Number of protein chains: 2
Amino acid sequence: MDKTTLARLEARAKIIKAMAHPTRLFIVDELSRQERCVCEMTEMIGADVSTVSRHLTVLRNAGIVQDEKRGTMVFYSLRVPCVLNFFSCVESVLETTAKEQMKLVR
Amino acid sequence: MDKTTLARLEARAKIIKAMAHPTRLFIVDELSRQERCVCEMTEMIGADVSTVSRHLTVLRNAGIVQDEKRGTMVFYSLRVPCVLNFFSCVESVLETTAKEQMKLVR
DNA sequence: CGAATCCTTGGTCATTATACCAAATAGCCA
DNA sequence: TGGCTATTTGGTATAATGACCAAGGATTCG
């Protein structure tokens, strides 16, 4: 695999990796409905604020969300809605697997 | 976040996480064209066979690829083609980011 | 059987990710 | 200004990843 190909793959993997965490999936899902400040997210997630802030940073660095400061609060919103397409495919992977499992049981 | 929600998110994150590696993206892309044995993949990727084998295991455990043994060889193929949709969205994230960068330069 | 090929698994090590607490920063308001 | 709230960042401990080598099946074929 040549260097250019690898660089391309790494850039793409970085974006997918940003989605590859339960908390961050939650965040993306929530932001697909409405923008949220860090404090609201923290409240919903139930982790330390610093942890949530870092998750949001990962998503921002990947270009998936954007932030906007208003007063002391920072509001995050979804920048690229197509990431929601990930969900439907993930569902179909889970469904396919579940159906296979069923076959083995019966 | 309640326990059930977390379990759902973890199952989904596991699948996305399986895609979140340059080598595994390469594998998925390649398998979208045709099935391949481990030895062919290893040849293309240029890593140790054991490394490639483990990457394939990750993808299989996530339900993204399937394997079939024929003789001494094991052929892997894509089980859920919709994962290819990931690529187009990832491209659009990269494009959006690139355009933002351009604005800053000019 | 024994050798060769293909693949997986065990072991080890370096790197990365993630969580929390504590401290620093920024903006608002009394 | 000083305190209050919201957020980020530094520090650190622990867990998870990923790479390689070596060893262990499985299968084919002479």
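Owing to the predicted nature of the structure, the values given are computational and were not obtained by experimental measurement. To find a chain, count down the sequence lines: A is the first, B the second, and so on, and within it residues start at 1.
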Nearest-nucleotide check on DNA chain C, A:T72 vs A:G46; residue mapping nearer the 5' end is A:G46
Whole-Å distance, A:R54 CZ to C:dC21 C1', equals 11 Å
Does D:dA6 have OP1 or OP2 sitting under 4.0 Å from an N or O in the side chain of A:Y76?
no
Taking C:dT9, C:dC6, D:dC20 as options, the one with an atom nearest any side-chain atom of B:C39 is C:dC6
From CD of B:E68 across to C1' of D:dA26 the rounded distance in Å is 16 Å
Is the backbone of A:A18 close enough, under 3.5 Å, to the side chain of A:R24 for a donor and an acceptor to pair up by distance? yes
* Do the side-chain N or O atoms of B:T51 get closer than 4.0 angstrom to the phosphate oxygens (OP1, OP2) of D:dC20? -> yes
Would you please confirm or rule out a distance under 4.0 Å between OP1 or OP2 of C:dT18 and any side-chain N or O of A:R24?
yes
Separation of C:dC6 atom C1' from B:R36 atom CZ, nearest Å, is 17 Å
A:I16 CD1 to C:dA17 P, in whole Å, measures 15 Å
Using only heavy-atom distances, decide whether a donor-acceptor pair under 3.5 angstrom links the side-chain of A:R70 to the base of C:dG27. no
note: B:K69, atom NZ; C:dC6, atom C1'; distance rounded to Å ~ 8 Å
Rounded to whole Å, CG of B:D48 lies from C1' of D:dC21 at a distance of 7 Å
Ring-plane angle category for B:F86 and A:F86, please: parallel below 30°, perpendicular beyond 60°, tilted otherwise.
parallel
Just to confirm, is there a sub-4.0 Å distance from OP1 or OP2 of D:dT17 to any side-chain nitrogen or oxygen of B:H55? no
To the nearest angstrom, the CG-P distance between B:L6 and C:dT18 comes to 14 Å
Tightest non-hydrogen contact, residues B:A47 and B:V52, listed as CB-CG2, 4.4 Å
| message | Is it the case that the base of C:dC21 and the side chain of A:S50 share a donor-acceptor contact (distance under 3.5 Å, atom types as modelled)? | response | yes
Atom CG of B:N61 and atom C1' of C:dT9 are separated, to the nearest Å, by 13 Å
Exercise for review: For B:V49, report the nucleic acid contact type (base, sugar-phosphate, nothing); a contact means any heavy atom under 4.0 Å.
Suggested key: base
Walking DNA chain D from its 5' end, the first of A:T42 and A:K17 to be reached, judged by nearest nucleotide, is A:T42
What's the verdict on side-chain contact (heavy atoms from CB on, under 4.5 Å) for A:R12 and A:R8, showing C-alpha distance, side-chain angles and the deciding distance? CA-CA 6 Å; A:R12 282 145 187 77; A:R8 286 179 60 89; 3.3 Å; yes
For a quick test of reading the model: is some side-chain N or O of A:H21 closer than 4.0 Å to OP1 or OP2 of D:dT17? no
Under a 4.5 Å cut-off applied to non-hydrogen side-chain atoms, are A:L25 and A:F87 in contact?
yes
